[in-house]
Amino acid sequence: MREYLLTLCITAAVTYLLTGPVRKFAIVAGAMPEIRARDVHREPTPRLGGIAMFFGLCAGLLAADHLSSLNWVFEKSNEPRALLSGAALIWLIGVLDDKFEIDALIKLGGQMIAAGVMVMQGLTILWLPIPGVGNVALTQWQGTLLTVALVVITINAVNFVDGLDGLAAGMVCIAAAAFFLYAYRVWVSYGIEAAAPATLFAAILMGMCLGFLPHNMHPARIFMGDSGSMLIGLVLAAGAISITGQVDPDVMNLFSGSERETVHQMVPVYIPLLMPLTIIAVPAADLVLAIVRRTWRGQSPFAADRGHLHHRLLEIGHSHSRAVLIMYFWSALIAFGALAYSVNSASMWIVLGVVFLSAVGLVLLLLPRFTPRVPVWAQRFVPPRYRRRAVTGTEAEASSAAAEDAADGTEGAGEAPGSEERDPVTAGVSGVNGATAIGTHGRFLDRS
């Protein structure tokens with residue numbers, strides 16, 4: 001575990017330290033596109049954050065190669081080299097897109113080529129564990145098509161969800177943390193060495209996201225762009241492919257006891273089928289809804305719009321930060337819920353806990369304008385918007401006079417002396433470091 005934590009820290013440190021210079025390079029290179037109709041930010045923000053994330057990936061793999069306890073992964077498996085080859089290709093395509101805005105079909109072709117490069121080097125699905133049937137061996141063409149499809153779907157799902165500051169990096173980091181715990185358990189508890197590359201990929205992916213998040217949280221100083229979103233999507237898919245089809249039930253010695261006990265013990269075998277789906281459950285749902293919505297309107301599935309889940313959260317009144325936290329909550333609930341079920345599938349408390357947390361999430365969705373207030377002693381530790389504001393005597397008189405006027409049916413008679421009518425402040429006020437601060441209320445038209 002210490003070696004994985006060291007690899008994670010090195011990856012995060014390299015990504016964090018390189019993001020600042022990369023931001024300056026993006027500004028000089030002109031990688032600051034014009035504001036589009038679907039964008040949430042209101043000022044041009046540099047992209048190309050994927051450059052720092054790619055070098056963080058290279059640093060993580062290099063550090064793991066020089067650790068005695070992880071060096072054998074590179075000697076016995078060609079999967080790390082396959083990941084680096086595919087990541088370099090997809091990263092180059094993303095950099096070109098961030099600078100020159102290449103066509104969507106070209107990007108799709110590049111994603112398929114990157115997946116094919118990984119397949120040619122051995123990073124592919126060999127068989128599938130199907131409940132009630134067992135392990136089903138796949139032919140070369142079946143494994144290649146399934147691998148390419150999983151890579152393309154994961155990349156585009158992560159790319160679709162990259163619409164708010166810190167959203168994609170945070171969601172992928174949460175998913176990678178759940179996947180790391182699952183892969184590490186399969187390797188250590190059951191002694192399956194085939195799960196070691198997937199564990200390494202998840203640790204490096206967490207480091208990439210954690211190192212980039214401080215620069216990308218709202219208000220963001222730099223965006224990861226397609227060079228970053230497609231890169232982390234490919235690394236996430238590579239981890240799922242590496243462990244899917246590599247877990248052999250015969251090696252795990254799960255066939256013992258009664259039939260009911262065997263069914264419960266076989267859950268870790270079937271989790272590789274479910275874990276990739278739970279990891280991208282929220283982005284995949286957004287992807288499917290976007291395709292259905294656009295085709296229903298007669299548009300291309302690749303046409304951009306403002307109908308994504310995070311856009312709808314802003315429309316109903318959630319602030320930028322709260323919309324991101326809600327998406328984090330649902331991603332963590334799905335990913336860690338599946339992880340807990342794989343550990344103890346016979347426990348009813350896990351199911352009840354997931355149901356309770358789902359109800360909490362629904363309540364949070366229905367309270368967009370609720371702003372919690374913390375006690376006085378804890379106000380110094382929270383952002384200013386959660387602190388209690390002291391009411392002055394003039395404000396108290398004005399509020400009481402306004403209440404009396406409302407009771408009398410008059411307007412404007414209770415204004416404080418010297419007050420004058422002010423124009424409403426529009427969203428898009430310039431924030432820190434050239435970013436945009438978005439208010440707590442929605443900036444969109446009231447659809448009611």
Side-chain angles (χ1 to χ4, degrees), residues 11-62 84-111 113-114 155-156 158-170 172 204-205 207-235 302 304 428 430-437:
T11 305
V14 172
T15 304
Y16 176 80
L17 295 176
L18 288 180
T19 303
V22 167
R23 178 179 182 272
K24 296 180 179 179
F25 169 75
I27 295 176
V28 174
M32 299 176 63
E34 298 293 334
I35 302 299
R36 299 165 296 186
R38 69 178 187 272
D39 290 334
V40 175
H41 60 283
R42 286 295 174 263
E43 289 185 4
T45 305
R47 293 184 179 180
L48 295 178
I51 296 179
M53 304 178 79
F54 176 74
F55 283 104
L57 169 66
C58 296
L61 291 175
L62 184 62
L84 185 60
S85 301
L89 180 58
I90 202 70
W91 169 74
L92 181 60
I93 296 174
V95 169
L96 294 177
D97 180 67
D98 290 340
K99 173 59 180 175
F100 302 105
E101 294 285 344
I102 62 178
D103 187 71
L105 293 179
I106 298 178
K107 289 194 295 184
L108 180 62
Q111 295 168 7
I113 294 175
I155 289 176
N156 286 280
V158 175
N159 193 17
F160 268 59
V161 83
D162 184 23
L164 297 179
D165 297 345
L167 182 58
V172 172
I204 293 176
L205 182 58
M208 295 166 59
C209 296
L210 291 175
F212 184 73
L213 268 176
H215 299 273
N216 190 233
M217 293 301 293
H218 180 71
R221 302 179 66 246
I222 185 174
F223 295 152
M224 67 172 65
D226 285 357
S227 59
S229 62
M230 293 196 300
L231 176 63
I232 61 177
L234 182 134
V235 178
F302 302 100
S430 179
V432 183
N433 298 322
T436 300

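Values reported hereafter were calculated over all heavy atoms of this structure, with side chains retained and with hydrogens, waters and symmetry mates removed.
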Test item: Val95 and Leu48 side chains (from C-beta on) under 4.5 Å apart, heavy atoms: yes

Shortest non-hydrogen separation from Leu234 to Ala114 and the atoms involved: CD1-CB, 4.1 Å

Heavy-atom pair with the smallest gap, counting every atom of Gly49 and Ser227: N-OG, 4.4 Å

Validation row: Asp165, Phe223 side chains within 4.5 angstrom (heavy atoms): yes

Arg23 side chain near His215 side chain, heavy-atom distance below 4.5 Å: no

Parallel, tilted or perpendicular, as decided by the 30° and 60° cut-offs, for the rings of Phe54 and Trp91: parallel

Heavy-atom closest pair, residues Gln111 and Asn156: OE1-ND2, 2.8 Å

Heavy-atom side-chain contact between Phe55 and Thr15 under 4.5 Å: no

Reported CG-to-CG distance for the pair Asp103 and Leu108, which is rounded to 0.5 angstrom: 10.0 Å

Closest approach of Gly166 to Asn216 (non-hydrogen atoms, all atoms of both residues): N-OD1, 2.8 Å

Check against side-chain contact (heavy atoms from CB on, under 4.5 Å), Met224 and Met53: CA-CA 8 Å; Met224 67 172 65; Met53 304 178 79; 4.1 Å; yes

Smallest separation among heavy atoms of Val14 and Ala59, with atom names: CG2-CB, 3.7 Å

Side chain to side chain, Leu18 and Ile51, heavy atoms closer than 4.5 Å: no

Between CG on residue Leu167 and OG on residue Ser229, distance to nearest 0.5 Å: 11.5 Å

Member of Leu57, Leu61, Ile204, Leu205 meeting the side-chain contact (heavy atoms from CB on, under 4.5 Å) criterion with Thr11: Ile204

Nearest heavy-atom neighbours spanning Ala87 and Leu231: CB-CD1, 3.6 Å

pair Val22-Ile222: side-chain heavy atoms closer than 4.5 Å: yes

Those residues that, when tested against Asp226, pass side chain to side chain donor-acceptor pair (under 3.5 Å) (two or more places apart): Lys107

Heavy-atom check, side chain of Ile93 versus side chain of Asp97, under 4.5 Å: no

